[in-house]
Amino acid sequence: MLSGAYLADDPPNLASFGNEPFWLTLVKVVAVFIMLVVAVLLTVWAERRVVAFMQQRLGPNRVGPFGLLQSLMDGIKLMLKEDLVPAAADMPVYVLAPIIAAVPALMAFSVIPFGPVVSIAGHKTPLQLTDLPIGILFILAMSSLGIYGVVLSGWSSGSTYPLLGGLRSAAQMISYEVAMAIAIVPVFLYSATLATSGIVASQTSHWYFWVLPVSFILYGIAAVGETNRAPFDLPEAETELVGGFHTEYSSIKFAFFFLAEYINMVTVSAVATTLFLGGWRAPWPISLYSGFNEGWWPLLWFWGKVIIFLFVFIWLRGTMPRLRYDQFMRFGWKVMIPIGLLWLLGVAYVRTAQIHASNPRAWYIVGGVVAAVLLILFAVDPGHRKRQRAAELEEQERLAKAPTLDRIPWPPPESGDGDSGPPTTRVISAAGTAPRQES
Amino acid sequence: MTTVLAQGITHTTGWESAIFYVLGTIAVLAALGLVLARSAIHCALMLVVVQFCLAVFYFVQDAPFLGAVQIIVYAGAIMVLFLFVIMLIGIDSSDSLVEVLRGQRVAAVVLGFGFAGLIVFPTGSAIAGTTAVGLDSANGVGNVQGIARLLFTNYVFAFEIVSALLIIAAVGAMVLGHRERAPRPTQRELSEQRIAGEHPSAWTGPGVYADHDAVDSPALLPDGSPTRASLPENMSQDDIIDVIERVGIEK
């Protein structure tokens, strides 16, 4: 299995795809599907066990060894439950929404590389369903289609909480998709390709995690927002919106949303692995023996890295409180996107110097000085105090002009004789008058 | 007509035409649905279907970048924003069927068919008999690289002008819709302000007729007389005497 026979085909590129017989493609499709579903079942189980461990509980431990079959049983139970449909639901959209949520999530996985070229029944084929010259854009496109599932389920339920959840998720996922796209552009500047297999191939010597740490962090944060996971799970915030977009869903339709959320988690973890952690390549001390980067071994490294990511997702959920909606949007638009744009500009500058400049060091020094001056100006912000003062004065003026309201509701004035005015209601006053009389 | 077209385009394979006929039918049906559907959300969804079919056509026509961008930008971002707005302002009532302009429908149908004819026949006669050339050379260095080269060399000026225009429009909309606010006082500042002011304790709730809400103000019994039971047990004797003098508690 580990012989150097197909070393020549390593790494796979775009030309390695589409040459296999139809049955092999079918086997790959089924294998990817099964891997995803098993990954989802295990992630649900792991989430409950890990969060339980963090909260000093046991978690599910009855069904199967260590409770491993718990999520399978829950899935079966969900399918056998009664399927309730709200009377005000918009029926076609209500039924379509969970399907729209789940299908793009599954499709995004078709361009994820699991490993190099292997030999299956005499056919040499890469461990990847397919690849496109625009592989990463395809993943982004699928995740942007997945938004429809959430938005439409919120609208079609004909109920207030789901509608609010759907609105939130529409705004949230679009905002964080922008941040996510900006975060991964520097990777393309380095890899010079959008194909996932090409990106993995370009990380042979150094993973982009080391070259582009800011991109990695931005992508990680945006991925949490994009998958609606805690602390960014505002579309389904149970303290505010009951269940958010899936409040009115039950039975297998609810199971589809559940499936989609966890597949999305696995997908963004796999994309992060592919873009920043060298994809299926073995980590450093192991990679010293090149045999570990061949054959079926890479599957192990790939899923190991994905599991680390999934663990961080679960860890975040066990640790962080949910953000308020305005804080969350402010963070996305005023922190993530500006940092991403600045980082992109810097990376583009360095990359241009690397490729085209005859003397890159001079370019770096000039760029560094300019960046430092701009940063200092940004930090010092001359004139800030003056502007602040002006704004405060304006606000004080506005408050002074605002109509005032006596905060204590005084009783209506007492009339001279009891029968002409309104019913007498007297209060105990500090002066100590007679007790209040009810007329 | 179709045979002529099929002869003209040398590139077409069996799969390609199969996809075209299936998705073309769906796209046309969805476009009809877009016009005929009553609910605004259904119209928007039909438009998404049309755009998705177009994206698949781009993929099939060896323009994967255009296809992906079509899905991300149009089907993904713009249509979600459409849906967002429709959901936010809550258009869910169907349109009125009363015709305001007389003969509008007939005119619309006639003009619509006329427009379709104007589009279809000149395009069809222009395409018929020609062969598609240059696709391989355009995609020679790769589809994405080819588009990037054109956008950033021959058309860089037009491209930058258009993006600047879009940004100006976005910034203009924000300037028109934005009001500058002074920083709001924090919770701590509000609390300090209250303690330093005339009335440090909480204000009485709305609807309560009282100018006094301290602990030494006794509650009233149903007959209106104050009750001693509502006073704190650990009040000093002097304070209790004060209260009795003030409100005259007897019980």
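Chain letters run A, B, ... following the sequence lines, proteins first and then strands; every chain starts at 1. Given the structure is predicted, the values throughout are model-derived calculations rather than measurements.
Looking only at side-chain heavy atoms (C-beta outward), A:Val151 and B:Phe84 stay at 4.5 Å or farther from each other. Here the side chains of A:Leu137 and B:Ile71 are not in contact, with every heavy-atom distance at 4.5 Å or above. Contact annotation: the side chain of B:His42 approaches that of A:Val93 to within less than 4.5 Å [non-hydrogen atoms, C-beta and beyond]. The shortest distance between side-chain heavy atoms of A:Ile174 and B:Leu81 falls below 4.5 Å. Side-chain atoms of B:Phe59 and A:Ile134, non-hydrogen and from C-beta on, do get closer than 4.5 Å to each other.
Looking at A:Ala390, neither its backbone nor its side chain comes within 4.5 Å of chain B, counting heavy atoms on both sides. Contacts of B:Val48 with chain A are made by side-chain atoms alone, with heavy-atom separations under 4.5 Å and no backbone atom involved. With a 4.5 angstrom heavy-atom cutoff, B:Gln145 touches chain A only via side-chain atoms. Only the side chain of B:Val144 comes within contact range of chain A, with heavy atoms under 4.5 Å apart.
In this structure, OG on A:Ser156 lies 9.0 Å from CE on B:Met87, to the nearest 0.5 angstrom.
Under a cut-off of 6.0 angstrom, the local environment of CZ in A:Phe109 is crowded, with over 12 non-hydrogen atoms contributed by other residues, nucleotides or ligands. Heavy atoms of other residues, nucleotides or ligands lying less than 6.0 angstrom from OH of A:Tyr349 number more than 12.
Listed for the A:Tyr148 side chain is a donor-acceptor partner under 3.5 Å among the backbone atoms of B:Ala75.
In terms of heavy atoms, B:Ala68 sits closest to A:Ala141 at O-CB, 4.2 Å.
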